[in-house]
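Order of the sequence lines fixes the chain letters, A, B, ..., with proteins taken first and strands second; residue numbering starts at 1 for each chain.
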There are 2 protein chains.
Amino acid sequence: MNIGDVAERAGLPAKTIRYYEDIGLVRPTRDANGYRAFTEQDAHKLIFLARARALGFSIEECRALLALWEDRARASADVRAIAKDHLARIEEKIADLEAMRDTLSDLVRSCAGDNRPDCPILTSLAEG
Amino acid sequence: MNIGDVAERAGLPAKTIRYYEDIGLVRPTRDANGYRAFTEQDAHKLIFLARARALGFSIEECRALLALWEDRARASADVRAIAKDHLARIEEKIADLEAMRDTLSDLVRSCAGDNRPDCPILTSLAEG
DNA sequence: CATAGGGCTTCCAGTCACTGGAAGGTCAAG
DNA sequence: CTTGACCTTCCAGTGACTGGAAGCCCTATG
């Protein structure tokens, strides 16, 4: 398979896949013409990566998950620990964003949004 | 005021303030010894910036907000538009993160997390 | 007067995960 | 034979800092 084929199958840009090779997440061989040759297994790996990335796992977490995936003697506890940590970070982020959203929507609601200069948004940023 | 003083007042690292000077958000003068000399106005600007950044506004949005803040002839509509756009992006992010959280917490819940290799998290990443 | 420490300066490099673009090789169709 | 889609490498840029090295400045103490 050429890079374009796996790219389509994984739903990832070819550039991203080249990058994944650079950092050692996939190791395709090469055809005589220098083109990357992806196996079916490589394609599965990339699909796995695309899904893990879509769930917000960092590249290093993906690397760890891939290693566990390929390790038949893994303990599911190790996988679960990674996912749990990640879940906790996501929940933190959501809480942070919700706090921003609440403040911002209050401010947006309180601002007339007309031609006049008076603006509670600016006042709040200036005065706390 | 030296950089350390404004840093403490604004709650920003000195490094960040130097960076803000680099990109033209503040323009302190210099003392004879080369130290940055911040005025009371600079301090207020930095406090404004710190608050806007804490609400998640990008640097370019902060630049625009700062310009509006300093423009007595501004229309509050312009400020409100920036805030509303930002609010919409935050709401998108929250929705994305909530989708991740929901999927992840299902997966974490379904995984035994013991010594055995069977892991629904990996299965789901591999098979969709 | 020397020195020790803290704060200040600049500049360079690294972060994360790509992304864009230039310059050029390869391949299949018409 | 040419066109156009694909592939290659390499370099640089993104956003918003952050870390670190090398060195100057200021104050306080011995």
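- Look at B:Y35 and you won't find any side-chain N or O under 4.0 angstrom from OP1 or OP2 of D:dC26.
- One interatomic measurement links the two molecules: CG of B:D31 to P of C:dC8, which rounds to 11 Å at whole-angstrom precision.
- When rounded to the nearest whole Å, the span between CD1 of B:I59 and C1' of D:dC17 equals 9 Å.
- When the P atom of D:dC17 is taken as reference, atom NZ of B:K15 falls 13 Å away, rounded to whole Å.
- Phosphate contact (OP1/OP2 of C:dT10, side-chain N/O of B:R30, threshold under 4.0 Å): present.
- Using modelled atom types, one finds a donor on one side chain and an acceptor on the other under 3.5 Å when comparing B:S76 with A:D114.
- At the phosphate of D:dT8, neither OP1 nor OP2 sits under 4.0 Å from any side-chain N or O atom of A:N33.
- Rounded to whole angstrom, the span from the CG atom of B:D22 across to the C1' atom of D:dA16 amounts to 12 Å.
- For the 3.5 Å distance criterion, the side chains of A:D106 and A:T103 fail to qualify, holding no donor opposite an acceptor.
- Residue A:R53 places at least one side-chain N or O under 4.0 Å from the OP1 or OP2 atom of C:dC18.
- In this structure, A:R89 does not pair ionically with A:E92, as no charged nitrogen and carboxylate oxygen lie closer than 4.0 Å.
- OP1 or OP2 of C:dC18 lies within a sub-4.0 Å distance of a side-chain N or O belonging to A:Y20.
- Rounded to whole Å, the distance from CZ on A:F38 to P on D:dC6 is 16 Å.
- For C:dC16, the OP1/OP2 oxygens have no side-chain nitrogen or oxygen of A:S58 closer than 4.0 Å.
- Residue-level contact check: B:I3 touches the backbone only, with heavy atoms under 4.0 Å from sugar-phosphate atoms and none from bases.
- Between the CG atom of A:N2 and the P atom of D:dT8 there is a distance of 7 Å, rounded to whole Å.
- Here the OG-CD1 distance, from B:S110 to B:I121, works out to 6.5 Å after rounding to the nearest 0.5 Å.
- One atom, CD1 of A:I17, and another, P of D:dT8, lie 10 Å apart when rounded to the nearest Å.
- When the side-chain nitrogen and oxygen atoms of B:R36 are compared with OP1 and OP2 of C:dC8, none of them lie within a distance under 4.0 Å.
- OP1 or OP2 of D:dT18 sits under 4.0 Å from a side-chain N or O of B:T16.
- Atom OH in B:Y19 sits roughly 16 Å away from atom P in C:dT10 (whole-Å rounding).
- A salt bridge links A:E21 with A:R36: the distance from a Lys NZ or Arg NE/NH1/NH2 to an Asp or Glu carboxylate oxygen falls below 4.0 Å.
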